[in-house]
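Since the structure is predicted, the reported quantities are computational estimates derived from the model, not experimental observations.
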Amino acid sequence: MPAEEHTSIELAGTDRPGLLSEVCAVLADLHCNVVNAEIWTHNARAAAVVHVIDDSMGCAISDPKRLSTIKELLCNVLKGSDDLKTAKTTLSAPGVMHRERRLHQIMFADRDYERVEKAGVRAVEEGSSRPQVTLLNIEKDYTVVTMRSKDRPKLLFDIVCTLTDMQYVVFHGMVNTGRIEAYQEFYIRHVDGLPISSEAERVRVIQCLEAAIERRASEGLELELCTDDRLGLLSDITRIFRENSLCIRRALISTKGGKAKDTFYVTDVTGNPVDPKIIDSIRAQIGHTALQVKCNSSLAPKLPHQETTMGHFFGNLFKARTFQNFKLIRSYS
């Protein structure tokens, strides 16, 4: 919902270790207190939606000169030394756009779906656990999009948002989830009423749906911070992560009633699991009760063969029955 008590900042640029720490340090120096934020990284790109207030006034920042300074300094941080053209900072009063929907739009506009990760950085998913997206045209009326991936919360939301933002309409659909895997199938057309008509469009849709599935993937070790909120807290926490060579892959920042509750997904700078000794050292600095280890997704089991086979069976069964019904309906039209 729209609110007037904070200023919204949207960020997009090249991801690198320590980037969030530098952004938070700039905001703290400018006496901007982060009340909530969400940060995603994918394919060496980073995007964030951050809500800040003036620390002394406790409300949105309205001074145009100060807003211009914030934007300029954040742009300098995002540009770094090798991203002179693609870094972007936008400041505005928050609107009605859903924050996670907006993150999809920012990364889509940044074309994260076609970028390749830097050498030495591990991909978000490997081998058979990567999402599988296929497209098939049915009698020149619909394109059938089939997706198989590891199941997780908000998977359907992410896919439908992306299809909508790419100007496709879903006419029919089916979702089937097992213990680990999710199978989804949608009959779509472009808003102009046509199915996908070219190889270039087909490749682009596959890439964008793969990216939509991967952006929210909880890679790495999940750390949860619960402590009293204060100006510069996020800057201090992310600085400690940076000094211990942790890379933040995704983060969810929130404050309520004077308390900060933040979730970070971290790896080492090469994308590998973090050494437990480093985590122990960080918890000793921050406080063992304040920083808790929640889950390590790097140790999650691979998709079992029987689960994949069963999902494929139900998918083919649904496809056959849906196609028959579709033919019957079309014959009467």
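- Aromatic ring centroids of H42 and Y113 lie 6.0 Å or more apart.
- E185 and Y183 share a side-chain donor-acceptor pair at under 3.5 Å.
- One finds the CZ atom of R152 at 15.5 Å from the CD1 atom of I180 (value rounded to the nearest 0.5 Å).
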Please test K88 against T90 for side-chain contact (heavy atoms from CB on, under 4.5 Å), starting from the C-alpha separation and ending with a verdict. CA-CA 7 Å; K88 183 178 180 181; T90 304; 3.7 Å; yes
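- In this structure, NZ in K294 is found 10.0 Å from OH in Y265, a value given to the nearest 0.5 Å.
- One distance of note links CE of M147 with CG of L156; it measures 8.5 Å at 0.5 Å rounding.
- Using a 4.5 Å heavy-atom cutoff, the side chains of L27 and I9 are in contact.
- Evaluation of the salt bridge (charged side-chain N to carboxylate O under 4.0 Å, His left out) rule for R216 yields E100, D158 as partners, not counting sequence neighbours.
- Looking at every heavy atom in both residues, C24 comes nearest to T238 through CB-OG1, 4.0 Å.
- Pairs passing the salt bridge (charged side-chain N to carboxylate O under 4.0 Å, His left out) check and including a residue from residues 254-265, sequence neighbours excluded, read D228-K259.
- For R204, there are no side chain to side chain donor-acceptor pair (under 3.5 Å) partners, not counting sequence neighbours.
- Annotation: side chain of Q132 is not in contact with side chain of T146 (no heavy-atom distance under 4.5 Å).
- A donor-acceptor pair is defined here as one N or O able to donate and one able to accept, closer than 3.5 Å; such a pair exists between the side chain of T7 and the backbone of I61.
- Remark: side-chain polar atoms of T143 are paired, donor with acceptor, to backbone N or O of I196 under 3.5 angstrom.
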Review item, side-chain donor-acceptor pairs of residues 276-286, under 3.5 Å, at least two apart:
unit_1: R283; atom_1: NE; unit_2: L291; atom_2: O; d: 2.7
unit_1: R283; atom_1: NH2; unit_2: H288; atom_2: O; d: 2.8
unit_1: R283; atom_1: NH2; unit_2: L291; atom_2: O; d: 3.3

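- Of all heavy-atom pairs between T162 and A212, the closest is OG1-CB, 3.1 Å.
- In terms of heavy-atom proximity, E201 sits nearest to S198 at N-OG, 3.1 Å.
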side-chain contact (heavy atoms from CB on, under 4.5 Å) evaluation trace for M166 with V205: CA-CA 8 Å; M166 293 181 70; V205 170; 4.0 Å; yes
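- No path of Ile, Leu, Val, Met, Phe, Trp and Tyr side chains, each step under 4.5 Å between heavy atoms, connects V35 with V26, placing them in separate hydrophobic clusters.
- To the nearest 0.5 Å, atoms SG (C208) and CE (M107) are separated by 12.0 Å.
- The distance from atom CG of L19 to atom CZ of R242, rounded to the nearest 0.5 Å, is 11.0 Å.
- Heavy-atom minimum distance, T177 versus A182: CG2-CB, 4.0 Å.
- Screening F186, Y187, Y142 for a ring pair (Phe, Tyr, Trp, His ring centres under 6.0 Å) involving F171 leaves a single residue, Y142.
- Here D268 pairs with T270 under the side chain to side chain donor-acceptor pair (under 3.5 Å) rule; sequence neighbours left out.
- With contacts defined as side-chain heavy-atom distances shorter than 4.5 Å, the pair H31/S56 does not qualify.
- Salt bridge status for R16 with E22: present, with a side-chain N to carboxylate O gap under 4.0 Å.
- Taking 4.0 Å as the cut-off between side-chain N and carboxylate O, R102 and E10 count as a salt-bridged pair.
- Judged by distance alone, the side chains of T267 and R249 do bring a donor and an acceptor atom under 3.5 Å apart.
- By the rule that hydrophobic residues join a cluster once side-chain heavy atoms approach within less than 4.5 Å of another member, F108 and W40 end up as members of separate clusters.
- Under the ring-ring contact (aromatic ring centres under 6.0 Å, His included) criterion, H190 pairs with Y168, not counting sequence neighbours.
- In terms of modelled atom types and a separation under 3.5 Å, the side chain of T164 and the main chain of V160 share a donor-acceptor contact.
- Nearest heavy-atom pair, A25 versus S235, reported as atom, atom and distance to 0.1 Å: CA-OG, 3.4 Å.
- By the 4.0 Å N-to-carboxylate-O rule, D112 lies close enough to R215 to be salt-bridged with it.
- A salt bridge links R45 with D110; the closest basic N to acidic carboxylate O contact falls under 4.0 Å.
- Looking only at side-chain heavy atoms (C-beta outward), L78 and T89 come within less than 4.5 Å of each other.
- Evaluated for a side-chain hydrogen bond (donor to acceptor under 3.5 Å, both in side chains) with H51, the options N33, T255, N36 yield exactly one hit, N36.
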Let's go through R250 and I39 carefully: what are the C-alpha distance in whole Å and the side-chain angles of both, what is the deciding distance for side-chain contact (heavy atoms from CB on, under 4.5 Å) to 0.1 Å, and is it a yes or a no? CA-CA 5 Å; R250 190 161 68 88; I39 299 95; over 6 Å; no
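- D141 and R189 make their closest contact through O-NE, 2.7 Å (heavy atoms, listed as atom of the first residue, atom of the second, distance).
- Rounding to the nearest 0.5 Å gives a distance of 8.5 Å between CG of N137 and OG of S197.
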